[in-house]
Amino acid sequence: MNTAMSAGQRAQLLLKASSLDQELRWLGEQPANQPANTTFSGVTYPAQLPCTPKVTYTDGPDTVRGSTGVTGFPAQIGLAASWNTNLAYDKGKAQGDEAFRKGKNVVLGPGVSSGRTPLAGRTPEYLGEDSLLGGTLAAAQTNGLQKGNPDRPTMAVLKHYIGNEQELDRQTSSSNVDERTLREVYDLPFEVAIDGSSPGGVMCSYNQINGTYACENPLLTGNLKKQLGFDGYVVSDFGAVHSTTPSLKAGLDQELNRPLYYTPDKLKAALSAGQITRKQIDEAAYRVVKAYIKNGLFDHPLPTTPEDNVSTAAHKQVAQQIATEGSVLLKNDGNVLPLSSKAKTIAVIGQTASNTPTNGVSAATVCGMSGFGAGSCTTPPVAPLDAITARAAKTGASVIYDNGSDPAAAAATAAKADVAIVFGYSKMGEGSDRTNLNLDGNGDALISAVGGANHNTIAVLETGTAALMPWQKDVKGILEAWYPGEQQGTAIARLLWGDDNPSGRLPMTFPKSLADLPTQSSAQYPGVFADGSTTRPAGDTSIRQVNYTEGLAVGYKWYEENDIAPLYAFGYGLSYTSFSYRDLSVQATKQGIEVSYEVTNTGRRAGTDTGQVYVTLPKAAGEPGKRLAAFQEVELRPGQHKKVKVTIARSASDHPLSIWNSHKDAWTTPSGTYTLEAGSSSADLPLKKTTTLR
Ligand code: BGC
């Protein structure tokens, strides 16, 4: 308990004072975290050393899940759409504070993936399709969780490592991926997050990678711990362990929940059979203890009685800010938004606008994702209908509402109004994938009916992923609000009236059709069985083979490489003001490339621009499309301009100027011409220059 010593020294002293059986407790979540207990589902351990604190895990990554009286934050995909690292930190800090006060000091989150398919059920839980964006935001949230409340510390567990890109057969599928793709696409967001925040834990996923379960895959040591430099411990997903010896040897340090494979009996049998070594056990225990100590869990015990309500005004403000900054204005023809005081009658349409359910659907439905383990509002959210009604009253306007269950009736309501705001939603979450990107509850037909009846129609989308929008041309305005959490109404009303200026940018590509997705064949998604079929034969327990043959061409890189125009591009999002870019300067140095450009607010309102810099590597690198290499938020008053300077460093954790060389087992920077482009989205880059690296 000597805080003058390093976490590593303290962990070593503790383990030195432990018997083997006491040490083995650290390899299971329950025996590690409940030191006062000695029996777990019939498995018995000796009492733990007295200094050992109680530790309690809670699921993340969106809210403190499974607790009441906590803030219903928006889904993580909305946080990603804010592109705001400070906000991600604030969210982690608020979430950590709530967790601790609720008696939980490990948060199972944040999660990153590479957004291989927008159909993946957990898309709303992850941070989009780009490694730099997702990894940077995950790092910021982790820093908020781990460092935001020094007296009430929590530890983060980054998840799910790795190739966990679909829910369909997540426990019985193999993500088959070549080494270069694995490093450049799937490892990378983890690498950026780990480098930027040193999470205490990383959770291994359910699926197999190239035929070996993630939690017993040598990648845990070879890639995660060695290449990515992860120095915390690896904990399994719930029931994702399949063995004792292969798992420990591969680098799994702790089994989640009750001991099944990491029981003292099984571990000691493997030890005496010479299948595992004492050193491997020591290493696993050491990593767990060191992470707990390093993150303050030993020095700041959890409260004995959890508080009832931990959702403070400040936390609600963070939830509102994420909903605001994460909402993406996709279309605004004729400046239909912001709403003006000329609109005297406003029609609000759709089930998710209201707290009164229609066919079981209400604003609470889109508070967070659905599926098991769903993040949700523990109290009714601020419904858009209520917030819009209150805001409209300030300009003397009145609101008429229709729940949208009958598109014809909704259209008749819309026809009576000056402006129609129609809400569309789609549900998704853990446990299953979506089979389409259409809206649920007949939403596509509803929006087109309303759009046909009222020329000033604005669609507000509450989805966890991309939407196809067959009605896109029938409406003037489109706002993608994702799953906007408990403060949804306030955030949406403020955006509609321009009390806040939209600044969200898409963290994922919105395709025009399912046929345009990177996963072109059924062997790529949803994966196939031995007979080539995509449906599991009855009674069959074999592994679905999911072949990542699109390789590096994932997300916006796929669309660019194959000249497929998306519906809305990665990085895209409108504002009520406009920005222009000029004076790109690009300078190669020993460290990398120095880039600067100037951005000007050319409109009449203050606004936030998220400038983006993309780099295209020399042809010989064999990289599809270009990569996001930097992004920078800038707040500008009307007419104001600012110079933005960014360094694209060779040594950066996203390896912006390098490719993975499987022969050399290293990142290499190809010599040749690098093209730098800057602008407002992956598809709108007015500035371009080249430079040569040797
Ligand atoms: C999920 C994890 C989660 C765990 C514990 C699993 O079903 O895949 O993300 O952390 O449950 O709740």
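Note that ligands are numbered from 1 as they come in the structure, with each ligand's atoms numbered from 1 the same way. Since this is a predicted model, take the numbers as computed values, not measurements.
Protein heavy atom at the shortest distance from atom 5 (C) of ligand 1 is Leu108 CD1, 3.9 Å. Among protein heavy atoms, the minimum distance from atom 7 (O) of ligand 1 is reached at Glu430 OE2, 2.6 Å. In this structure, atom 6 (C) of ligand 1 lies nearest to the protein heavy atom Asp237 OD1, 3.0 Å.
Here atom 10 (O) of ligand 1 lies nearest to Asp59 when heavy atoms of Asp59, Asn257, Asn164 are compared.
Below 4.0 Å from some heavy atom of Arg170 lie the following atoms of ligand 1, by number and element: 7 (O), 8 (O). For ligand 1, the atoms lying closer than 4.0 Å to a non-hydrogen atom of Lys159 are 2 (C), 3 (C), 9 (O), 10 (O). Contact atoms of ligand 1 toward Arg122: 1 (C), 2 (C), 8 (O), 9 (O) (distance under 4.0 Å to a heavy atom of the residue). Heavy-atom proximity to Tyr206, at under 4.0 Å, picks out these atoms of ligand 1: 6 (C), 7 (O), 8 (O). Contact atoms of ligand 1 toward His160: 2 (C), 8 (O), 9 (O) (distance under 4.0 Å to a heavy atom of the residue).
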Could you check Glu179 against Arg183 for salt bridge (charged side-chain N to carboxylate O under 4.0 Å, His left out), going step by step and ending with a plain yes or no?
-> CA-CA 6 Å; Glu179 183 186 329; Arg183 289 295 282 115; over 6 Å; no
Worked check of side-chain hydrogen bond (donor to acceptor under 3.5 Å, both in side chains) between Lys104 and Thr154 = CA-CA 8 Å; Lys104 325 272 169 132; Thr154 54; over 6 Å; no
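Within 6.0 Å of the CZ atom in Arg258, the count of heavy atoms belonging to other residues, nucleotides or ligands does not exceed 12.
A centroid separation of less than 6.0 Å is found between the aromatic rings of Tyr186 and Tyr548. Between Phe570 and Trp83, the ring centre distance stays below 6.0 Å.
The closest approach between Met203 and ligand 1 falls below 4.0 Å for a heavy atom of the residue.
Between the side chains of Asp433 and Tyr525, at least one donor N or O lies within less than 3.5 Å of an accepting N or O.
Screening Tyr262, Tyr213, Tyr261 for a ring-ring contact (aromatic ring centres under 6.0 Å, His included) with His242, the sole residue that qualifies is Tyr213.
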